[in-house]
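Residue numbering restarts at 1 for every chain, and letters A, B, ... go by the order of the sequence lines.
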Amino acid sequence: ELKVEQNPLFLSMQEGKNYTIYCNYSTTSDRLYWYRQDPGKSLESLFVLLSNGAVKQEGRLMASLDTKARLSTLHITAAVHDLSATYFCAGRQGAQKLVFGQGTRLTINP
Amino acid sequence: SQTIHQWPATLVQPVGSPLSLECTVEGTSNPNLYWYRQAAGRGLQLLFYSVGIGQISSEVPQNLSASRPQDRQFILSSKKLLLSDSGFYLCAWSGTGRPAETFGSGTRLTVV
């Protein structure tokens with residue numbers, strides 16, 4: 001059974017700094033997903049990583065996938081306050097099931 | 001364009017009362033439909049998914065049930081709510097051209 005673990009679970013950082021959120025998964029997953037959730041809101045899809053070595057970037061966020069290490073990373077460059085949210089990674093188990101990590105609550109301070 | 005609607009947005013229900021949450025998708029046909037639950041401060045847990053009308057797969061044995069009476073309609077129900085049923089319930093869909101699940105706005109259920 002697929003297990004997905006994120007770290008850190010809580011991250012407080014200053015604007016302008018860089019940081020990385022890590023997502024490890026336990027068994028083969030052919031796809032890795034990143035979502036963002038604002039407080040009290042639903043989930044917004046950020047990235048879908050489909051193969052080993054995949055890298056996707058959107059603004060100050062960049063996600064990558066290493067299927068051999070069973071690791072995905074979400075890198076934040078020059079953080080701004082608007083990026084404060086909870087970030088989830090998820091792997092695909094079977095055809096239908098998304099298995100989510102615990103989430104990383106990111107707070108960016110001025 | 002495809003949209004997903006979920007209602008109500010918030011719900012406060014007494015223990016032992018019934019529950020019905022509805023989700024509809026527009027702008028697509030034969031979507032895969034999902035119900036997730038998120039406990040406070042936690043990740044998401046898949047409750048049910050459906051690949052077609054009348055086809056329901058349950059992931060977690062519990063006090064809840066799901067039905068899909070129409071192609072783009074997914075309903076989450078309970079006959080008698082428990083305190084532990086409180087949480088944030090999210091409907092989602094996926095399908096052709098959508099590699100990631102798209103989530104509805106969610107229903108915050110508080111059982112008192």
Checklist outcome for this item: In terms of heavy-atom pairs under 4.5 Å with chain B, the winner among A:K41, A:R31, A:R92, A:Q6 is A:R92
Item to check | Contacting region of B:Q45 [heavy-atom separation from chain A under 4.5 Å] | outcome: neither
Item to check | Check: B:E22/B:Q73 side-chain N/O donor and acceptor closer than 3.5 Å | outcome: yes
Checklist entry - Side chains of A:N109 and A:S12: is there a donor and an acceptor less than 3.5 Å apart? => result yes
Next on the checklist: We want to know whether B:S65 and B:S77 form a side-chain donor-acceptor pair, criterion being a heavy-atom distance below 3.5 angstrom.
Outcome noted: no
Checklist entry - Given a strict heavy-atom distance threshold of 4.5 Å, which part of A:Q96 is in contact with chain B: side chain, backbone, both, or neither? => result both
Item to check | Cation-pi geometry met for A:R70 and A:Y25 (6.0 Å, 45°) | outcome: no
Checklist entry - Is the shortest heavy-atom distance from the side chain of B:N63 to the side chain of B:D85 under 4.5 Å? => result yes
Checklist outcome for this item: Under 4.5 Å to a heavy atom of chain B? For A:F47 that would be neither
Checklist entry - Just checking, is any N or O donor in the side chain of B:T24 or B:H5 under 3.5 Å from an acceptor N or O on the other one? => result no
Checklist entry - Relative to chain A, which segment of B:L44 carries a heavy atom at a distance below 4.5 Å: side chain, backbone, both, or neither? => result both
Item to check | Most contacts with chain A, counted as non-hydrogen pairs under 4.5 angstrom, among B:G106, B:S94, B:P99 | outcome: B:P99
Item to check | Side chain / backbone / both / neither for A:Q37 at chain B, heavy atoms under 4.5 Å | outcome: side chain
